[in-house]
Amino acid sequence: MNKVRTRFAPSPTGYMHIGNLRTALYAYLFAKSQHGDFILRIEDTDRARYVPDAVEFIEKTLAAAKIIPDEGPHHGGNFGPYVQSERMEIYKAYAEKLVELGYAYRCFCNHDDDSNEGDEKKFGGYDRTCRHLEREEIEANLVARKPYVIRQKMPLTGETTFYDVLHGNITISNSELEDQILLKSDGMPTYNFANVIDDHLMGVTHIIRGTEFITSTPKHVLLYENFGWEIPTFIHLAPVMGKSDDGTISKLSKRHGATSFNDLVEMGYLPEVITNYVALLGWSPKTNQEIFSMDELIEKFSLDGLSKSPAVFDYNKLDWMSGEYFKAMSDEDFAQAAEKFFGTLNENLASKKIYLGSLLKPRISKLSDIHAQIKFLQERLPLDAELFTNKRNKVTAENSVGILTDAIKVLEKISDWTVDELHEKITAFVTESGLKMGTIMWALRIALSGQKVTPGGVIEILYLLGKKESLERLNAALKFLGDIAKKN
RNA sequence: GGCGCCUUCGUCAAGUGGUUAAGACACCGCCCUCUCACGGCGGGUUCAAGGGUUCGAAUCCCUUAGGCGUCACCA
């Protein structure tokens, strides 16, 4: 049996859409699960859409996602070049050969000219009458003088069937197929041609790509047949969809927010989380496992777990998965991954990064959430008397004054400002006061942070703030409450 | 419009003639708790519709509807 070879063949746009990433992932996983090769090939035959540095961008993105090509523009391999614009002579030769074989012909018409619109014999759709074969024989010297394209000569009757692993046999009537252009007038091949030539020449055994290519696959199959080449196995993947604010579902695009691998990384999702999540969008291991390392994905991947219906990208699930990864990380690793997202920390907090990270770790779904979580530690948020009122914990602005006053006295005496020590002293203080734990903690949290919700409890905040800042904040809160009382 | 593909909870999905139709996320409720979170427990909602075939259908067939794709010198 032939060694499995798959490929990822993006056109060089400076953007790695999640759907493309998933296609690359599946092609990679399948190849690796079969101990085969994964090829990166750049399809840059559209000169008008050329984006500088796009190849490097694609390679970097794949590397970040840990999808490593065995062959590619900068990965070596014996089937290069792996950039289509560098293979023009190859396509030209095969196109000419097809003309010789009688499966293609030169066309000298200028079909961009819309002046014939309305005339059903002309273009605007497909013009079956445009077959220059005979004319070409008469006017052989035209080839040297006029620009032309090479078109594939489609059978006018019958039908073409191909097998798709996901969809089974798909049959399309040949009358649906137009004499598509194989070689453009600028000498570049079209996707439909270059793709077939390269897949064959590079020994690709399994073509994994999006469903948008189903309809053009019969044309490819005909080409393989014309050349007498073995037809590869097709696997057409359903698209990744996005949900708009109004609830409508459509193919995932920029209007759905962050939809590229890089967008997601910038938001603070770990690359391995993105890969893990995306792997499950359209593929099921058929077990209840959801967290997979790349090695596990390779081990478990199987074509029959692929889904043939579209899958909606769900940020909720991504968030959950991201949180699971964070929780599984060591405090050190987390602090390191979060480094860029801490922003500029003051000296005190900078020295407590790992501890701070341990508090943040279980309560964020992406690294960019960190900023909002730690803002209150860096700056004093304006207090609001309302916040001191909490029915459940029996706290009011009035009784907070006494609590804060006593707490300050206790805290001032603490010299060993550690979590353990703070915990011990505060617990003792609560017991002594005869009040409920919740009452005291609530008042302190509001006074210290200015917000109801904080990463970690009062003890943790005190520790993070340090003695000086903590006491200053408590005193400021006391003054604030005093001013309020006077006003009333 | 022609042709093609798709259709199990809100979302990801298991399921391939006989199941109480898994599980996860989300949501709701309760418990725990110094807030949030974590954790624990519980809950609701699903086979697009209609016809067949069959003792029996989410599973097989047909029709309809809806969604998506495609009909380029773009990929």
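Letters A, B, ... are given to chains in the order of the sequence lines, protein chains preceding strands, and every chain is numbered from 1.
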**Item:** Pairing of A:Glu290 and A:Lys317 as salt bridge, 4.0 angstrom limit
**Value:** yes
**Message:** Classify the ring geometry of A:His236 against A:Phe234: parallel below 30°, tilted from 30° to 60°, perpendicular beyond 60°.
**Reply:** parallel
**Item:** Of the listed nucleotides B:C6, B:A72, B:C68, the one nearest the side chain of A:Pro310
**Value:** B:C6
**Asked** At under 4.0 Å, does any side-chain N or O of A:Lys308 touch on OP1 or OP2 of B:U8?
**Response** no
**Request:** Could you tell me whether A:Ser11 contacts a base, only the sugar-phosphate backbone, or nothing, with contacts defined as non-hydrogen atoms closer than 4.0 Å?
**Result:** sugar-phosphate
**Message:** Once you measure the plane-to-plane angle for A:Tyr191 and A:Phe213, does it fall in the parallel (<30°), tilted (30-60°) or perpendicular (>60°) bin?
**Reply:** parallel
**Request:** May I have the step-by-step check of ring-ring contact (aromatic ring centres under 6.0 Å, His included) for A:Tyr277 and A:Tyr269, ending in yes or no?
**Result:** CA-CA 11 Å; A:Tyr277 175 68; A:Tyr269 291 103; 9.2 Å; no
**Prompt:** Just how far, in rounded Å, is C1' of B:C5 from CG of A:Leu237?
**Reply:** 13 Å
**Item:** Selected nucleotide, minimal atom distance to A:Ile214 side chain, candidates B:C12, B:G69, B:C5
**Value:** B:C5
**Message:** From CG of A:Leu306 over to P of B:A14, roughly how many Å is that when rounded to an integer?
**Reply:** 10 Å
**Request:** Grab the CH2-C1' distance between A:Trp283 and B:C12 for me, whole Å please.
**Result:** 13 Å
**Item:** Same-atom distance (P) from B:U11 to B:U7, integer angstrom
**Value:** 14 Å
**Request:** Please state how far atom CG in A:Asp164 lies from atom C1' in B:C5, giving the value in whole angstrom units.
**Result:** 10 Å
**Prompt:** Can we say A:Glu89 and A:Lys92 salt-bridge, meaning some charged N sits less than 4.0 Å from an Asp/Glu carboxylate O?
**Reply:** no
**Request:** Looking only at side-chain atoms of A:Phe213, point me to the closest of B:A14, B:U7, B:A75.
**Result:** B:A75
**Message:** Once you apply a heavy-atom cut-off of 4.0 Å, does A:Thr171 come out as touching a base, just sugar-phosphate, or nothing?
**Reply:** sugar-phosphate
**Message:** Under 4.0 Å, counting only non-hydrogen atoms across every strand here, what does A:Leu280 touch: a base, just sugar-phosphate, or nothing?
**Reply:** sugar-phosphate
**Item:** Rounded distance in Å between the P positions of B:G40 and B:U54
**Value:** 50 Å
**Prompt:** What is the distance, rounded to the nearest whole Å, between atom OH of A:Tyr105 and atom C1' of B:C73?
**Reply:** 13 Å
**Prompt:** P atom, B:G51 versus B:A14: distance in rounded Å?
**Reply:** 28 Å
**Message:** Under 3.5 Å, is there any donor-acceptor pair linking the side chain of A:Thr190 to the base of B:C73?
**Reply:** no
**Asked** A:Thr45 side chain N/O closer than 4.0 Å to the phosphate oxygens (OP1, OP2) of B:A75?
**Response** yes
**Asked** What's the verdict on salt bridge (charged side-chain N to carboxylate O under 4.0 Å, His left out) for A:Asp179 and A:Lys153, showing C-alpha distance, side-chain angles and the deciding distance?
**Response** CA-CA 5 Å; A:Asp179 286 6; A:Lys153 198 202 281 184; over 6 Å; no
**SB check A:Arg41 A:Asp199 (cutoff 4.0 Å)** = yes
**Distance, C1' atom - from B:A26 to B:U59, rounded to whole angstrom** = 28 Å
**Prompt:** How does protein contact run along nucleotides 59-66 of chain B, one letter per nucleotide 5' to 3', with B for base contact, S for sugar-phosphate only, - for none, heavy atoms under 4.0 Å?
**Reply:** --------
**Message:** Side chain of A:Ile181 only, heavy atoms from C-beta on: which candidate in B:C5, B:C73, B:A75 is closest?
**Reply:** B:C73
**Item:** Spacing between A:Lys286 atom NZ and B:U16 atom P, to the nearest angstrom
**Value:** 9 Å
**Request:** Fit a plane to each ring of A:Phe8 and A:Phe38, take the angle between them on a 0 to 90° scale, and name the class: parallel (under 30°), tilted (30 to 60°) or perpendicular (over 60°).
**Result:** parallel
**Request:** Sticking with atom C1', work out how far B:G29 lies from B:G67, rounded to a whole angstrom.
**Result:** 35 Å
**Rounded distance in Å between the P positions of B:C41 and B:C25** = 12 Å
**Message:** One pair to check against ring-ring contact (aromatic ring centres under 6.0 Å, His included): A:Trp283 and A:Tyr26. What are the steps and the verdict?
**Reply:** CA-CA 9 Å; A:Trp283 173 75; A:Tyr26 289 162; 7.3 Å; no
**Request:** Sticking with atom C1', work out how far B:A57 lies from B:U16, rounded to a whole angstrom.
**Result:** 11 Å
**Asked** What interatomic distance, in whole Å, is found between C1' of B:C31 and the corresponding atom of B:A65?
**Response** 47 Å
**Complete:** Each nucleotide of nucleotides 22-42 of chain B classed B (base within 4.0 Å of a protein heavy atom), S (only sugar-phosphate) or -, in 5' to 3' order, makes BSBSS------BBBBSS----
**Message:** Any salt bridge linking A:Glu96 with A:Arg106? Criterion: basic side-chain nitrogen under 4.0 Å from a carboxylate oxygen.
**Reply:** yes
**Request:** Return the value, rounded to whole Å, for the distance between atom CE of A:Met241 and atom P of B:G67.
**Result:** 11 Å
**Request:** Would you please indicate yes or no on a ring centroid separation below 6.0 angstrom for A:Trp417 and A:Tyr463?
**Result:** no
**Message:** Mind checking if A:Val312 touches a base, just sugar-phosphate, or nothing, with heavy atoms under 4.0 Å?
**Reply:** sugar-phosphate
